[in-house]
Protein chains: 2
Amino acid sequence: MNLDNLLDKLKMNGYKITVQRKAILRALAENHNNLITVENLFEKSKEIYPKTNMSTVYRNLEILEKLKLVYKVLTENGMALYKLVCSDKHHHHIICKKCGKTEVIDFCPIDNLKQIIKNKKFILTDHKLELYGYCLDCKNSEDS
Amino acid sequence: MNLDNLLDKLKMNGYKITVQRKAILRALAENHNNLITVENLFEKSKEIYPKTNMSTVYRNLEILEKLKLVYKVLTENGMALYKLVCSDKHHHHIICKKCGKTEVIDFCPIDNLKQIIKNKKFILTDHKLELYGYCLDCKNSEDS
DNA sequence: CTAGAAATGCAAATGATTCGCAATAAGGAG
DNA sequence: CTCCTTATTGCGAATCATTTGCATTTCTAG
């Protein structure tokens, strides 16, 4: 999904297009393969529009998350990482533990699981599958 | 794993057995099927040994996590939930989104995934599979 | 029983995230 | 283009789970 599509989606949902909002989206778009921290996104947004404020970044991420335009993971210490969603099709990711690079995993084990869960006293509603590792770039750099 | 085993593991690793530590472990053991919040664990520990302190709970959870005696999940808002690990065998859970009850899922899709990841520029090291839903008790109670 | 190390309690610090509120900017109607 | 309404922003202060420093207490090996 490119920048214009994103802006359209926002407009369609009654959100105004502000300079800050565009900067944040562009910063996200320029990192669409990587999960980034809010702090980092804030820095990148400021490079595009220097007056962008941290609260604004948070508020926009909240909106983008609600519209499912952004994907959020929590690190082990509970900090949020974000990236733009790349496609509407259900999928998972493998995430580089060092640099946050992601690749799509076009496989979902949920059907196998549904079978198993049939016998449990549970109604399955959601699932979260996250794979972690190192991308080759990070693997090859010594200090991992 | 029962209380005595847990105490042994701690001793074996050079940790002392204190009243508070035993209270926290007993509280965890009494809830071994449910994920509980630290706050909640704190309350339950105090019922067993009233002088137990919140910091102590946090410090002990940290130790238990390091020894892999406890399993930790983060809620959507980044708050930690804990439960004792039940077995050494690799497994996953289905988690009730309302009450935190868990059931073991004795299936891991990682072999299928390894096959898929072979072609990616990634070294897989970890994975996280969490299933969410409602246990029948919660499903049946109206206010969900 | 004692010494030394580990653990605890308390209160204060941290740090990511949220919030209140006044000021500003967007964009539709005229 | 200008006005008006409403959303959005910036700022600083508040939140809140978690962590930490330090003095005190408790373990436990010897």
Side-chain angles (χ1 to χ4, degrees), chain A residues 4 6-28 35-46 48-67 69-70 72-82 100, chain B residues 4 6-28 35-46 48-67 69-70 72-82 100:
Chain A
D4 288 332
L6 290 167
L7 293 174
D8 284 347
K9 272 252 172 97
L10 283 167
K11 271 188 213 160
M12 272 168 42
N13 283 277
Y15 294 102
K16 293 177 177 172
I17 306 307
T18 64
V19 205
Q20 293 86 333
R21 189 158 284 170
K22 271 194 284 191
I24 294 165
L25 282 172
R26 221 179 92 201
L28 278 168
L35 285 160
I36 55 176
T37 61
V38 182
E39 183 67 37
N40 205 193
L41 176 60
F42 174 49
E43 294 308 330
K44 284 176 193 297
S45 302
K46 275 201 296 195
I48 298 168
Y49 182 68
K51 281 194 262 166
T52 308
N53 183 280
M54 190 61 150
S55 308
T56 303
V57 175
Y58 273 107
R59 283 191 272 238
N60 275 285
L61 284 172
E62 197 186 348
I63 291 169
L64 293 170
E65 202 189 346
K66 195 163 56 193
L67 297 181
L69 296 177
V70 110
K72 178 187 187 179
V73 208
L74 293 178
T75 64
E76 283 172 47
N77 45 59
M79 217 176 53
L81 301 177
Y82 290 91
Chain B
D4 289 332
L6 291 168
L7 294 174
D8 284 347
K9 273 250 170 100
L10 283 167
K11 270 188 214 161
M12 272 168 43
N13 283 277
Y15 294 102
K16 294 178 175 171
I17 306 307
T18 64
V19 206
Q20 294 86 330
R21 190 158 282 168
K22 273 195 283 192
I24 293 165
L25 282 171
R26 221 178 93 202
L28 277 168
L35 285 161
I36 55 176
T37 60
V38 182
E39 182 68 37
N40 205 193
L41 176 60
F42 173 50
E43 294 307 329
K44 284 177 194 296
S45 303
K46 275 201 296 195
I48 298 167
Y49 182 69
K51 280 193 262 164
T52 308
N53 183 280
M54 191 59 151
S55 307
T56 304
V57 175
Y58 273 108
R59 282 192 271 238
N60 275 286
L61 284 172
E62 198 185 346
I63 291 168
L64 293 170
E65 202 189 345
K66 194 161 58 195
L67 297 181
L69 296 176
V70 109
K72 178 186 186 179
V73 209
L74 294 177
T75 63
E76 283 172 50
N77 45 61
M79 215 175 55
L81 300 177
Y82 289 91

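Proteins get letters first, then strands, A, B, ... in listed order; numbering begins at 1 in each.
The nearest whole Å value for the distance from the CE atom in B:Met54 to the P atom in D:dG21 is 19 Å. Atom CD1 of B:Ile17 is separated from atom C1' of D:dA29 by 14 Å (rounded to the nearest Å). Rounded to whole Å, the distance from CG on B:Leu74 to C1' on C:dA16 is 13 Å. As rounded to whole Å, 14 Å separates atom C1' of D:dT18 from atom CG of B:Leu81. Computed from coordinates, the B:Phe42 CZ to D:dT18 C1' distance equals 13 Å when rounded to whole Å. Taking atom CG on B:Leu10 and atom P on D:dT26, their separation rounds to 20 Å, with Å as the unit. Between the OH atom of B:Tyr15 and the C1' atom of D:dT28 there is a distance of 17 Å, rounded to whole Å. Across the protein-nucleic acid pair, B:Leu61 atom CG and D:dT18 atom C1' stand 11 Å apart, rounded to whole Å.
If you take OG on A:Ser45 and CG on A:Leu28, they are separated by 7.0 Å, rounding to the nearest 0.5 Å. Taking CG of B:Asn13 as the reference point, atom CD1 of B:Ile63 lies at 10.0 Å (rounded to 0.5 Å). Between the NZ atom of A:Lys46 and the CD1 atom of A:Ile24 there is a distance of 12.0 Å, given to the nearest 0.5 Å. Residue A:Glu65 holds its CD atom at 8.0 Å from CG of A:Leu61, rounded to the nearest 0.5 Å. Interatomic distance, CG of B:Leu41 versus CE of B:Met54, reported as 8.5 Å (0.5 Å rounding). One distance of note links CG of A:Leu69 with NZ of A:Lys9; it measures 5.5 Å at 0.5 Å rounding.
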Close N or O pairs between protein and nucleotides 14-17 of chain D (under 3.5 Å):
none

Every protein N/O lying under 3.5 Å from an N/O of nucleotides 2-5 of chain D:
none

Just the table, please: protein N/O against nucleotides 11-13 of chain D N/O, every pair under 3.5 Å.
residue : atom : partner : partner atom : Å
D:dC11  : OP2  : A:Asn53 : ND2          : 3.4
D:dC11  : N4   : A:Ser55 : OG           : 3.3
D:dG12  : O6   : A:Ser55 : OG           : 3.4

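Judged as a side-chain hydrogen bond (donor to acceptor under 3.5 Å, both in side chains), the pairs with a partner in residues 48-63 of chain B (not counting sequence neighbours) are, in order, B:Arg21-B:Asn60, B:Asn53-B:Ser55.
A close approach under 4.0 Å does not occur between any side-chain nitrogen or oxygen of A:Arg21 and OP1 or OP2 of D:dA7. For D:dG10, the OP1/OP2 oxygens have a side-chain nitrogen or oxygen of A:Gln20 closer than 4.0 Å. Between C:dA7 and B:Thr18, no contact under 4.0 Å exists linking OP1 or OP2 to a side-chain N or O. Between A:Asn77 and C:dG15, a side-chain N or O to OP1/OP2 separation shorter than 4.0 Å is absent.
Heavy atoms only, all atoms of each residue included: B:Ala23 and B:Ile48 are closest at O-CD1, 3.6 Å.
In terms of the side-chain contact (heavy atoms from CB on, under 4.5 Å) criterion, residue partners of B:Leu81 (sequence neighbours excluded) are, by chain and number, B:Leu35, B:Thr37, B:Thr75.
Side chains of A:Tyr82 and A:Val38 form a contact here, defined as non-hydrogen atoms less than 4.5 Å apart. The side-chain heavy atoms of A:Leu64 and A:Leu25, taken from C-beta on, include a pair separated by under 4.5 Å. Using a 4.5 Å cut-off on side-chain heavy atoms (C-beta onward), B:Glu39 and B:Glu43 make contact. For the pair B:Leu74 and B:Met79, the minimum side-chain heavy-atom distance is 4.5 Å or more.
No donor-acceptor distance shorter than 3.5 angstrom exists from the side chain of A:Asn40 to the backbone of A:Ile36, with no hydrogens or angles considered.
Looking at which nucleotide of DNA chain D each of A:Gly14 and B:Tyr49 is closest to, the 5′-most match is held by A:Gly14.
Rounded to 10°, the helix from C:dC1-D:dG30 to C:dG30-D:dC1 has 30° between the axis fitted to its first five pairs and the one fitted to its last five.
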